[in-house]
Amino acid sequence: MSRFVVNGGRVLCGSVEVQGSKNSALPLLAATILTQGENVLYNCPALSDVDAALRILRFTGCRAEQYRSTVLVSSDSLNRSDIPDELMREMRGSVIFLGALLARFGRAQLGFPGGCELGPRPIDMHLSALRKLGADIRERHGVLDCTAPEGLHGAKLSLSFPSVGATENIILAAVTADGTTTLTNAAREPEICDLCEFLNKSGARIWGAGEGTIVIDGVKELHAVEHTVIPDRIVAATLMSAAAATGSEITLTGVIQSHLGAVISAFDEMGCEIHSSGGELEFKAPSRLSPPQTIRTMPYPGFPTDAQAPLMAATCLCEGTSVFVENIFENRYRHVDELTRLGSDIKVNGRVAVVKGVRRLYGAAVEAQELRGAAGLIVAALAAEGRSEVSGICYLERGYERFEQVLCSLGADVYKV
Ligand code: EPZ
């Protein structure tokens with residue numbers, strides 16, 4: 001299992017461009033299944049999750065190639081609608097292909113999705129919504145066998161929780177359905193807006209993306225488009241956490257400040273100075289961090305659950321106590337034991353984590369067990385005095401593109417073994 005060796009305790013400096021968003025690229029790749037012709041996605045990050053999505057597209061017969069951060073996809077030659085278990089198991093995001101395959105093909109067979117273990121990650125909201133859109137879905141022996149014999153039709157839908165994936169699957173299933181679909185309590189994440197912008201460019205008729213209610217008028221067909229993936233707000237939050245933890249001043253380019261409202265507020269409360277104009281964000285950490293107000297992870301525009309681990313790593317060094325409440329996933333504190341090995345003082349009780357700030361962290365060997373936990377451990381290792389080894393880098397590479405080079409370009413001493 002590959003690992004990072006980090007010689008921490010160094011101040012970072014310099015400027016770095018933030019990669020394209022993993023959680024936008026994945027639904028956009030699924031959306032190409034619905035279009036005729038060759039799509040071009042710019043600013044698409046080179047990640048193992050994106051590679052897994054490209055392999056799924058190729059498996060179904062699409063042409064899908066990535067050249068650095070440009071991806072070309074044509075689904076004109078799509079000829080099958082089943083996704084084998086080994087491909088499904090590679091990432092949680094793979095369930096996003098369900099709605100698009102059903103819409104395009106009228107059927108889909110998928111294994112239950114895999115990905116990081118963040119507690120039970122059901123897809124009940126996805127399935128009940130697709131059934132209301134006309135799908136017949138049978139679950140047996142770990143395989144979802146979905147058909148839409150009469151095609152999909154519009155429906156009035158409401159989500160009990162603004163699930164990002166369920167919202168995306170509903171949009172992808174409804175965009176070429178027969179009639180109008182209204183979705184209330186939809187997720188409002190920027191990645192939803194990016195998906196709807198892509199689809200509307202390709203001829204779809206979608207209103208209300210980014211708000212609680214989305215209306216979709218089904219259209220007959222969609223044509224391929226060129227589209228630039230939005231920047232990854234969680235990678236931006238992670239780099240801000242690294243700068244905060246190491247008392248650094250850095251500049252991030254290619255960010256969209258309005259996607260980072262709750263994150264910027266938290267760092268502001270911690271005493272960091274943040275100035276942004278255009279796509280540039282200047283970040284300056286204080287010599288000693290203050291604790292933020294209680295961090296409650298919430299659906300967008302609340303504080304993003306994916307930034308919880310990186311921010312927690314930075315709060316380990318606050319002068320005072322920080323409190324986190326993880327409201328989105330059941331099991332998202334797996335990085336806490338490993339942060340403790342680096343010298344932090346954190347107590348977890350159910351959804352609440354209490355972080356008592358310490359003067360310094362000390363290098364140690366730690367093991368990542370999921371994507372954002374890996375990012376948090378690297379943030380802490382950058383701040384820790386001495387040498388750390390962070391294993392489980394395969395998790396990190398699901399969502400962070402060339403991260404050791406990014407950190408080294410900011411003056412960190414990190415290398416991969
Ligand atoms: C997306 O996951 C992101 N993944 C996650 O990022 C992110 O943490 C999450 O949204 C919340 O923002 C991708 O976009 C590929 P949800 P998703 O459906 O769609 C429960 C990362 O690190 N739920 O909003 O799976 C679910 O169990 C990843 O990049 C149901 O109960 O998130 C969870 O507790 C991690 N039934 C909560 O809702 C359902 O049918 C939020 O899930 C669907 C979800």
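In listed order, ligands and their atoms are each counted from 1.
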Taking everything shown except [X] itself, do over 12 heavy atoms lie less than 6.0 Å from its [atom1]?
| X | atom1 | answer |
| --- | --- | --- |
| D124 | CG | yes |
| E150 | CD | no |
| E139 | CD | yes |
| R205 | CZ | no |

* Are any of the N/O atoms in V164 less than 3.5 Å from those in ligand 1? ->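 Such a contact does occur with ligand 1.
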
* To do: Please determine if S163 has a nitrogen or oxygen closer than 3.5 Å to a nitrogen or oxygen of ligand 1.
  =>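 By distance alone, the answer is yes.
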
* Who's closest to atom 6 (O) of ligand 1 heavy-atom-wise, of D306, L371, N331? ->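 It is D306 whose heavy atom sits nearest to atom 6 (O) of ligand 1.
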
* To do: Select the closest option to atom 19 (O) of ligand 1 among G165, S94, A25, judged by heavy-atom distance.
  =>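 Checking each option, the heavy atom nearest atom 19 (O) of ligand 1 is found in G165.
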
* Location of contacts on I328 toward ligand 1, heavy atoms closer than 4.0 Å ->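 It is both backbone and side chain that touch ligand 1.
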
* Quick one: look at E191 and ligand 1, take heavy-atom pairs under 4.0 Å, and tell me if it's side chain, backbone, both or neither. =>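 For E191, no heavy atom sits under 4.0 Å from ligand 1.
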
For the student: nearest non-hydrogen atoms of [X] and [Y], plus distance:
| X | Y | result |
| --- | --- | --- |
| R372 | Y400 | NH1-OH, 3.0 Å |
| L289 | C272 | CD2-SG, 3.9 Å |
| V379 | A314 | CG1-N, 4.3 Å |
| S163 | M125 | CB-CE, 3.7 Å |
| G203 | L222 | C-CD2, 3.6 Å |

Using a 4.0 Å cut-off to any heavy atom of [X], which atoms of ligand 1 qualify?
| X | result |
| --- | --- |
| R372 | 21 (C), 22 (O), 29 (O) |
| D124 | 30 (C), 31 (O), 36 (N), 39 (C), 40 (O) |
| K22 | 21 (C), 29 (O) |
| I123 | 39 (C), 40 (O) |
| F329 | 8 (O), 33 (C), 34 (O) |
| P122 | 27 (O), 30 (C), 31 (O), 36 (N), 39 (C), 40 (O), 43 (C), 44 (C) |
| F161 | 37 (C), 38 (O), 41 (C) |

* Could you tell me whether ligand 1 has any atom less than 4.0 Å away from a heavy atom of R332? =>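 Contact check R332 vs ligand 1: positive.
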
